[in-house]
Amino acid sequence: MSNHLLALQDFTPAQLQSFLDRAAALKKETASGLRHQQLAGKSICMLFEKPSTRTRVSFEAAMYGLGGQVIFLQAKETQLDRGEPLKDMARVLCRYADALVVRTFGQQVVEELARYSEVPVINALTDLHHPCQVLSDLMTVIEKKGDPKKLKIVWLGDGNNMANSWIQAAAVLGFPLTLACPEGYEPAPAILQAARKIASQPITLLRDPAEAVQGADVINIDVWTSMGKEKEKEKRLAVFRPYQLNAELLARAANDAVVLHCLPAHRDEEITEEVLEGPQSVVFDQSENKMHMHKAILEAMICGVA
């Protein structure tokens with residue numbers, strides 16, 4: 001297994017499946033009242049340049065739930081905000097903690113930290129990838145709908161970091177994926193091209209959201225304006241309006257289709273209140289599963305098992 005979790009392409013199908021299987025087992029054990037202590041005496045350092053609610057709390061709850069400890073740092077509270085080289089920070093922090101969980105802007109930040117860190121670096125979000133989120137979303141898909149290889153899974157909207165990680169997951173795990181993105185807002189071309197070279201099932205990029213969701217088993221969406229893109233908000237609202245997941249669009253999917261959104265949601269922008277609060281929405285189960293998946297990731301990366 002890779003020493004770091006930076007992007008899903010770095011793992012084999014068996015390794016990604018092991019995360020999914022272990023997260024499901026940990027969730028079941030937690031529900032039965034079992035107290036986990038696999039990481040007792042261990043600690044993680046969480047270095048966040050981007051704000052977070054679910055990612056921060058789910059990683060903290062996961063680490064505490066495994067018996068470990070958490071050190072949380074915002075970038076502005078560290079020398080990183082004053083220009084300290086990343087290689088210096090990595091070589092210091094890895095002597096204090098058993099893993100570094102990093103939420104930042106550039107993918108190059110987590111890559112450089114990983115280059116110099118002697119403990120695992122876990123990508124908790126960059127502008128290019130969101131691997132831990134997509135693993136927890138896949139866990140939810142399996143819970144609700146079964147084997148992803150037998151499903152029509154759709155990504156609707158911006159070709160952002162989530163879309164990139166969904167593409168890599170589809171390529172590695174071998175399930176079909178359909179994406180509908182407006183022109184100029186496609187996933188990273190290099191990621192799509194590389195994924196298609198190894199994919200065993202189609203990874204399809206469309207423009208028309210109605211065509212994309214026809215007969216879908218799973219529809220996954222995200223906000224239209226990600227952190228760092230706020231100046232583009234008005235333009236994006238106009239471009240993405242046809243991609244809103246509303247009752248009319250959802251009706252084109254399978255009757256038992258489920259709706260995923262990694263939250264926070266801008267209600268009545270990318271998704272209507274009716275759909276988000278409707279019976280096909282599984283977004284809060286999806287959010288809970290972040291904690292269980294993060295337990296599996298932390299256990300595997302720190303203990304070196306997968």
Side-chain angles (χ1 to χ4, degrees), residues 1-8 10-11 15 18-19 22-23 25-27 29-30 33-82 84-107 109-126 129-133 135-136 139 287-306:
M1 186 175 71
S2 173
N3 292 331
H4 308 285
L5 200 170
L6 307 184
L8 297 181
D10 300 330
F11 294 83
Q15 288 166 345
S18 73
F19 286 131
R22 184 59 178 150
L26 288 165
K27 182 176 182 178
E29 291 171 2
T30 298
L34 180 64
R35 184 182 180 189
H36 296 114
Q37 290 292 299
Q38 293 94 313
L39 297 183
K42 303 289 186 180
S43 65
I44 59 171
C45 180
M46 297 176 60
L47 179 61
F48 278 36
E49 285 193 278
K50 283 190 174 185
S52 167
T53 300
R54 278 152 294 276
T55 299
R56 174 182 175 176
V57 175
S58 58
F59 263 112
E60 290 188 351
M63 190 61 181
Y64 289 133
L66 292 171
Q69 299 294 316
V70 177
I71 303 164
F72 180 80
L73 295 172
Q74 291 181 310
K76 63 183 180 181
E77 299 170 342
T78 72
Q79 293 297 328
L80 182 61
D81 198 47
R82 303 176 183 89
E84 181 177 17
L86 288 168
K87 61 184 180 181
D88 291 357
M89 176 165 284
R91 287 179 289 188
V92 170
L93 293 180
C94 74
R95 298 180 184 222
Y96 301 152
D98 297 285
L100 309 181
V101 179
V102 184
R103 182 178 172 95
T104 187
F105 291 90
Q107 182 71 13
V109 173
V110 293
E111 289 176 355
E112 184 165 358
L113 289 170
R115 191 174 302 121
Y116 290 95
S117 174
E118 295 181 8
V119 301
V121 173
I122 297 170
N123 180 358
L125 176 142
T126 65
H129 296 290
H130 203 351
C132 299
Q133 178 69 57
L135 284 173
S136 64
M139 176 185 176
S287 190
E288 177 193 341
N289 282 341
K290 286 170 67 74
M291 178 184 66
H292 303 297
M293 178 53 68
H294 293 167
K295 277 187 176 182
I297 289 168
L298 290 169
E299 179 189 58
M301 299 307 293
I302 293 173
C303 298
V305 295

Listed partners of [X] passing side-chain hydrogen bond (donor to acceptor under 3.5 Å, both in side chains), at least two apart:
{"X": "Lys42", "result": "none"}
{"X": "Glu288", "result": "His292"}
{"X": "Thr30", "result": "Lys295"}
{"X": "His294", "result": "Ser58"}

**Message:** With heavy-atom distances below 4.5 Å as the criterion, would you say the side chains of Val101 and Met63 are in contact?
**Reply:** no
Partners meeting side-chain contact (heavy atoms from CB on, under 4.5 Å) with [X] (sequence neighbours left out):
{"X": "Ala23", "value": "Met139, Met293, Ala296"}
{"X": "Cys45", "value": "Leu73, Leu93, Ala97, Leu100"}
{"X": "Gln38", "value": "Arg22, Leu26, His36, Leu66, Glu299"}

Using 0.5 Å steps for rounding, measure from the [atom1] atom of [X] to the [atom2] atom of [Y].
{"X": "Met291", "Y": "Thr55", "atom1": "CE", "atom2": "OG1", "answer": "13.5 Å"}
{"X": "Tyr64", "Y": "Gln69", "atom1": "OH", "atom2": "CD", "answer": "6.0 Å"}
{"X": "Ile44", "Y": "Leu39", "atom1": "CD1", "atom2": "CG", "answer": "9.0 Å"}
{"X": "Thr104", "Y": "Leu47", "atom1": "OG1", "atom2": "CG", "answer": "7.5 Å"}
{"X": "Ser52", "Y": "Met46", "atom1": "OG", "atom2": "CE", "answer": "7.0 Å"}
{"X": "Phe19", "Y": "Leu5", "atom1": "CZ", "atom2": "CG", "answer": "5.0 Å"}

**Asked** Can you name the nearest heavy-atom pair linking Arg103 to Pro51, along with the distance?
**Response** NE-O, 3.1 Å
**Prompt:** Passes side chain to side chain contact (heavy atoms under 4.5 Å, CB included), Cys132 versus Phe59? Steps please.
**Reply:** CA-CA 10 Å; Cys132 299; Phe59 263 112; 4.0 Å; yes
**Asked** Can you name the ring-ring contact (aromatic ring centres under 6.0 Å, His included) partners of Phe72, sequence neighbours left out?
**Response** Phe48
List, one per line, each side-chain donor-acceptor pair under 3.5 Å for residues 114-123, sequence neighbours excluded.
| residue | atom | partner | partner atom | Å |
| --- | --- | --- | --- | --- |
| Ser117 | OG | Val119 | N | 3.1 |
| Ser117 | OG | Val119 | O | 2.7 |
| Asn123 | OD1 | Leu125 | N | 2.7 |
| Asn123 | OD1 | Thr126 | N | 3.4 |
| Asn123 | ND2 | Leu6 | O | 3.0 |
| Asn123 | ND2 | Gln107 | OE1 | 3.4 |

**Sequence neighbours excluded - salt bridge (charged side-chain N to carboxylate O under 4.0 Å, His left out) pairs with any residue from residues 60-69** = Arg56-Glu60
